[in-house]
Amino acid sequence: MSDLATPLIAWYRETARDLPWRDPDFGAWGILVSEFMLQQTPVARVIPRLEAWLERWPTPAALAKASPGAAVEQWANLGYPRRALWLHRAAVQIAEQHGGVVPRDVDSLLALTGVGDYTARAVAVFAYGDRHPVVDTNTRRVLARSLDGQSQPGPPSPNDLAAMAEVLPRDEEPAAVFNAAAMELGAVVCTARAAKCESCPIAHICAWRNAGYPDTGDRRRRQAAYAGSDRQARGAVLQHLRAASSHESAIETVAAMWPDALQRDRAIDSLIADGLAEASDGMLRLPR
DNA sequence: CATCCGTGGAA
DNA sequence: TTTCCAAGGAT
């Protein structure tokens, strides 16, 4: 098996972007918040929101004392607002069950709402320096290409963790850097389309490149159209509540902003079901 | 295992 | 203009 770690680590030490959460003093809470925000939201949009979030809630306990609706409001337009709710619940769990300290072991992290295989290990590795495989979409693509010769990774599976574990350096510090380096390579060089192989530190040992860049097929499912979707309707209602004074609005007013009555009612009902909104006395509001 | 869940920028 | 994609997780 080719050694990916040595050239990747050297490349990372030389060229890695200077991102806020890579500051050694950033802290576990900041890293946890950043990982929540980075779930499906691009780095450039996360950075300003992350700074504002940590300024308002510098600790898990501070966020735990706020209302869920305050978290949804502060989340702004990062997308997938249920993540704001999950982060708030995680903060409550940390305050109540972990003395206000972000836990270090993977099982405790996995027990937090909104924390899955990726986020749990990312916190354990990047905040605490422990040795675990961290697998995100970038890492899966880098391994699929460099090791398996595939143009795109298959769907995520628990097996991904074992695959990353196999190529992970033995010692903690290089293992942590290798995890970050694989993600960084996928983010800036080994990108989903138009990979920049001319600046790739492992191009010479890349199975996909050495095979002549075969199109090995793509199992990725096309994202459903957003325009006119229920998701867009939900987004419009929530955006309205975020902007409204006291974060509440008469349901009649909310109704006027989405033309399809059936779809609008579905949006409102599902927002309530998800805990992203509350209704009473003809008013709709962010959760208190 | 498939589907659902936002939003905006780039190709 | 449309399509693709972005440090996933819950159900």
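Within every chain, numbering begins at 1; the chains are lettered A, B, ... in the order of the sequence lines, protein sequences first and strands thereafter.
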(Q) Looking only at the side chain of A/R83 (C-beta and beyond, no hydrogens), which of the listed nucleotides B/dG6, C/dT3, C/dA7 gets closest? (A)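 Between B/dG6, C/dT3, C/dA7, the one nearest the side chain of A/R83 would be B/dG6.
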Q) Given B/dC5, B/dG6, C/dT3, which nucleotide is nearest the side-chain atoms of A/R82? A) B/dC5
Once you apply a heavy-atom cut-off of 4.0 Å, does [X] come out as touching a base, just sugar-phosphate, or nothing?
X	value
A/W75	nothing
A/A192	sugar-phosphate
A/L19	base
A/R121	nothing
A/T191	nothing
A/V115	sugar-phosphate
A/T139	nothing
A/R242	sugar-phosphate
A/P155	nothing
A/G116	sugar-phosphate
A/L78	base

Under 4.0 Å from OP1 or OP2 of [N]: is there any side-chain N or O of [X] that close?
X	N	value
A/R22	C/dA7	no
A/Q40	C/dG8	yes
A/T119	C/dG9	yes

Once you round it to whole Å, what is the distance between [atom2] of [N] and [atom1] of [X]?
X	N	atom1	atom2	result
A/D274	C/dT11	CG	P	10 Å
A/L87	C/dA10	CG	P	13 Å
A/N138	C/dA6	CG	C1'	9 Å
A/M37	B/dC5	CE	P	22 Å
A/Y12	C/dA7	OH	C1'	12 Å
A/Y80	C/dG9	OH	C1'	10 Å
A/L238	B/dT7	CG	C1'	12 Å
A/D230	B/dT7	CG	C1'	16 Å

Between [Y] and [X], is there a side-chain donor-acceptor contact under 3.5 Å, judged purely by atom types and distance?
X	Y	value
A/Q74	A/R56	yes
A/T41	A/R83	yes
A/E35	A/Y118	yes
A/S229	A/R234	no

Q) When the P atoms of B/dA2 and C/dA7 are considered, how many whole Å apart are they? A)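 Between the two P atoms, the distance is 23 Å.
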(Q) I want to confirm an ordering. Mapping A/L112 and A/V43 to their closest nucleotides on DNA chain C, which one lands closer to the 5' end? (A)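 Its nearest nucleotide lies further toward 5', so the answer is A/V43.
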Q) Quick one: on DNA chain C, does A/L38 or A/L110 contact a more 5' nucleotide (nearest heavy atom)? A)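 With A/L38 and A/L110 compared, the 5'-side residue is A/L38.
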Q: Can you establish whether the number of heavy atoms outside A/R17 located under 6.0 Å from its atom CZ is more than 12?
A: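 Above 12, so yes.
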Q: Could you tell me whether A/D260 and A/R264 make a salt bridge, using a distance below 4.0 angstrom between a side-chain N and a carboxylate O?
A: no
(Q) When you measure from the side chain of A/R285 to the backbone of A/G69, do you find a donor-acceptor pair of N or O atoms at a distance under 3.5 Å? (A)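 The answer is no, because no donor-acceptor pair under 3.5 Å joins these two groups.
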List the atom pairs, donor and acceptor, that lie under 3.5 Å between side-chain atoms in residues 187-203 of chain A and the rest of the protein, sequence neighbours left out.
{"unit_1": "A/T191", "atom_1": "OG1", "unit_2": "A/R193", "atom_2": "O", "d": "3.1"}
{"unit_1": "A/T191", "atom_1": "OG1", "unit_2": "A/A194", "atom_2": "O", "d": "3.4"}
{"unit_1": "A/S199", "atom_1": "OG", "unit_2": "A/K196", "atom_2": "O", "d": "3.2"}

Might you list the N or O atoms of the protein lying below 3.5 Å from N or O atoms in nucleotides 8-11 of chain B, with each pair's distance?
{"unit_1": "B/dG8", "atom_1": "OP1", "unit_2": "A/N77", "atom_2": "ND2", "d": "3.1"}

Q) For the side chain of A/T41 and the base of B/dG6, is some donor closer than 3.5 Å to an acceptor across the two? A)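 Yes, the side chain and the base share a sub-3.5 Å donor-acceptor pair.
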Q. Can you find a pair of side-chain heavy atoms, one from A/F36 and one from A/V115, that are under 4.5 Å apart?
A. yes
